[in-house]
Amino acid sequence: MRIGYPCINRSLSCSSNKTFRLKSYSEEYLKQTVRGNLECLLKILKFNLAHSIFFFRITSDLVPFASHPINTFDWQEFFRSDFELIGDFILKNRMRISMHPDQFTLINSIREEIFERSRLELKYHAEVLDLMNLDFSAKVQIHVGGAYSDKPKSLERFVKRFGDLESSIRRRIVIENDDKLYDAGDCLKINAETRIPVLFDVFHHRLCNKTQLSDDYFERLVQTWDSSKDGLPMVDYSSQKPGGLAMQHADRLDLEDFDMFLKSTERFDFDVMLEIKDKEKSALKAIEWLANEKRFRAFLEA
DNA sequence: CTTAGTCAAGGGGTA
DNA sequence: TACCCCTTGACTAAG
């Protein structure tokens, strides 16, 4: 079991998700921004290593406007050696990487042009991981998408469109249950047709299903990951902000709730992404909590 | 310097 | 059809 956090490290003064407005686009500004983002990414990974954090989500803003038509710059070639250097660091230290394109990436959209834009956005994400020479346990996680007032049809459209993607994208994609439309059961249906691994989001499950997570159910999700190529299952964990609205993520890790989740999934090993506002602080807290946990120790001692 | 409005991109829900 | 919500940090123009 690895513990991770997404995109931003608040203890360091740099950011790897610096971007700018479309209006101020220039090739020079892009180069300068990407260079800074890559430098910071390596700093974050070094921080993580020093603190036994072996799982990290790389921001989608690493290369601003990467899939936008305005960007005709060959950033892949220009930064090739920088990507390789970061990839070497990740591989050498047995780190795990994920990426999560945002809500505009919808491969099941009714509109063909939105699918096409989403395809380019996914291509960008897959390229980042390819340029780092990471194996296929580094994943790009997306949601199923919209319902378009016909959920079964929209689910089928996802399957069809997934088949239309190039294999360099397909081998990276995992699907995540969302908070109100497509639950993990829907993701399992898609898995049955496509073999796409299902990334389980604990918090979304609570919001969408309002039921207790059963051992059998969790086992079926875990089994969608082919350990020989996909690596351990990935799980997103968060809890609700106390006193906040239903969908708000907590500001800091609720150890009691986290521990309950760990106990209920004791039989399984997986990597946990903590989607919590205070980022690396929660990861450090979780790691401290897990110091004597069997699954966590197993990774450190391997 | 501080603050409030805005940013490439979608979709769901309500009235 | 119009409008608000989701959620997010940070850019950027205005004060």
Side-chain angles (χ1 to χ4, degrees), chain A residues 5-30 32-34 36-37 40-41 44 57-73 75 99-125 140-155 157-158 161 175-183 186 201 203-208 236-241 244-252 273-282:
Chain A
Y5 63 98
C7 308
I8 291 165
N9 181 305
R10 299 189 188 282
S11 306
L12 296 171
S13 54
C14 70
S15 121
S16 64
N17 55 316
K18 201 167 142 49
T19 181
F20 48 85
R21 297 298 159 84
L22 185 57
K23 270 192 288 189
S24 33
Y25 185 93
S26 76
E27 208 162 285
E28 200 40 51
Y29 201 3
L30 180 79
Q32 182 190 319
T33 305
V34 174
N37 285 347
C40 181
L41 176 57
I44 293 174
R57 182 182 301 162
I58 293 178
T59 171
S60 296
D61 285 331
L62 192 67
V63 181
F65 304 102
S67 69
H68 191 282
I70 200 173
N71 185 349
T72 54
F73 180 63
W75 53 269
M99 294 186 84
H100 193 353
D102 68 12
Q103 73 218 86
F104 307 109
T105 302
L106 290 157
I107 69 172
N108 83 339
S109 173
I110 300 184
R111 291 165 54 195
E112 201 62 37
E113 66 271 25
I114 292 174
F115 168 62
E116 186 52 25
R117 276 204 290 274
S118 300
R119 193 181 68 75
L120 293 174
E121 182 69 357
L122 288 167
K123 184 158 170 273
Y124 150 60
H125 284 78
V140 175
Q141 62 187 91
I142 55 173
H143 293 292
V144 179
Y148 310 93
S149 47
D150 188 341
K151 205 174 135 182
K153 234 189 207 133
S154 297
L155 202 142
R157 195 165 49 252
F158 180 98
R161 288 279 187 58
I175 39 173
E176 175 191 348
N177 55 305
D178 67 57
D179 54 357
K180 52 176 184 285
L181 224 44
Y182 293 95
D183 68 4
D186 294 318
D201 186 306
F203 188 46
H204 288 165
H205 178 78
R206 266 182 220 166
L207 290 171
C208 197
D236 282 357
Y237 170 85
S238 178
S239 62
Q240 193 185 324
K241 179 175 176 165
L245 296 170
M247 296 160 101
Q248 289 179 315
H249 287 204
D251 294 327
R252 57 189 91 80
M273 179 63 64
L274 300 172
E275 292 187 317
I276 296 172
K277 294 254 191 326
D278 67 0
K279 307 286 176 182
E280 79 283 356
K281 272 206 184 65
S282 279

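Letters A, B, ... mirror the listed sequences (proteins, then strands); counts begin at 1.
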Is [X] touching bases, backbone alone, or none of the nucleic acid, heavy atoms closer than 4.0 Å?
| X | result |
| --- | --- |
| A:I114 | sugar-phosphate |
| A:Y148 | sugar-phosphate |
| A:K277 | sugar-phosphate |

Rounding to an integer number of Å, can you tell me how far [X] [atom1] sits from [N] [atom2]?
| X | N | atom1 | atom2 | answer |
| --- | --- | --- | --- | --- |
| A:N9 | C:dG9 | CG | P | 14 Å |
| A:D251 | C:dG9 | CG | P | 10 Å |
| A:K279 | C:dT7 | NZ | P | 13 Å |
| A:D278 | C:dT8 | CG | P | 13 Å |

Can you list the residues that meet the side-chain hydrogen bond (donor to acceptor under 3.5 Å, both in side chains) rule with [X], with sequence neighbours excluded?
| X | value |
| --- | --- |
| A:D186 | A:K151, A:K189 |
| A:D183 | A:N209 |
| A:S154 | A:R157 |

Can a donor-acceptor pair be found between the side chains of [X] and [Y] at a distance below 3.5 Å?
| X | Y | value |
| --- | --- | --- |
| A:Q103 | A:H143 | no |
| A:E27 | A:N71 | no |
| A:E280 | A:S11 | yes |

**A:K281/A:D251 ion pair, N-O < 4.0 Å** = no
**Request:** Before accepting this row, confirm whether a basic side-chain N of the pair A:E112/A:R161 lies closer than 4.0 Å to the acidic partner's carboxylate O.
**Result:** yes
**Asked** Is any side-chain heavy atom of A:D278 less than 4.5 Å from a side-chain heavy atom of A:Y5?
**Response** no
**Message:** Can you give me the first and the last nucleotide of DNA chain B (5' to 3') that has an atom within less than 4.0 angstrom of a non-hydrogen atom in chain A?
**Reply:** B:dG5 to B:dG12
**Message:** Ring-plane angle category for A:Y124 and A:W75, please: parallel below 30°, perpendicular beyond 60°, tilted otherwise.
**Reply:** perpendicular
**Asked** Does the pair A:Q240 and A:F203 meet the rule for a side chain to side chain contact (heavy atoms under 4.5 Å, CB included), with working shown?
**Response** CA-CA 8 Å; A:Q240 193 185 324; A:F203 188 46; 3.7 Å; yes
**Asked** Say you pick atom P in C:dT12 and the same atom in B:dA8; how far apart are they, in whole Å?
**Response** 9 Å
**Request:** With P as the reference atom in both, quote the distance from B:dT6 to C:dC5 in angstrom, rounded to an integer.
**Result:** 14 Å
**Message:** Output one letter per nucleotide in nucleotides 10-15 of chain C: B when a protein non-hydrogen atom lies under 4.0 Å from the base, S when only the sugar-phosphate is that close, - when neither is.
**Reply:** BBS---
**Request:** For DNA chain C, just give me the dot-bracket, please: Watson-Crick or G-U, both distances below 3.5 Å, ( ) intra-strand, [ ] crossing earlier pairs, | paired with another strand, . unpaired.
**Result:** ||||||..|||||||
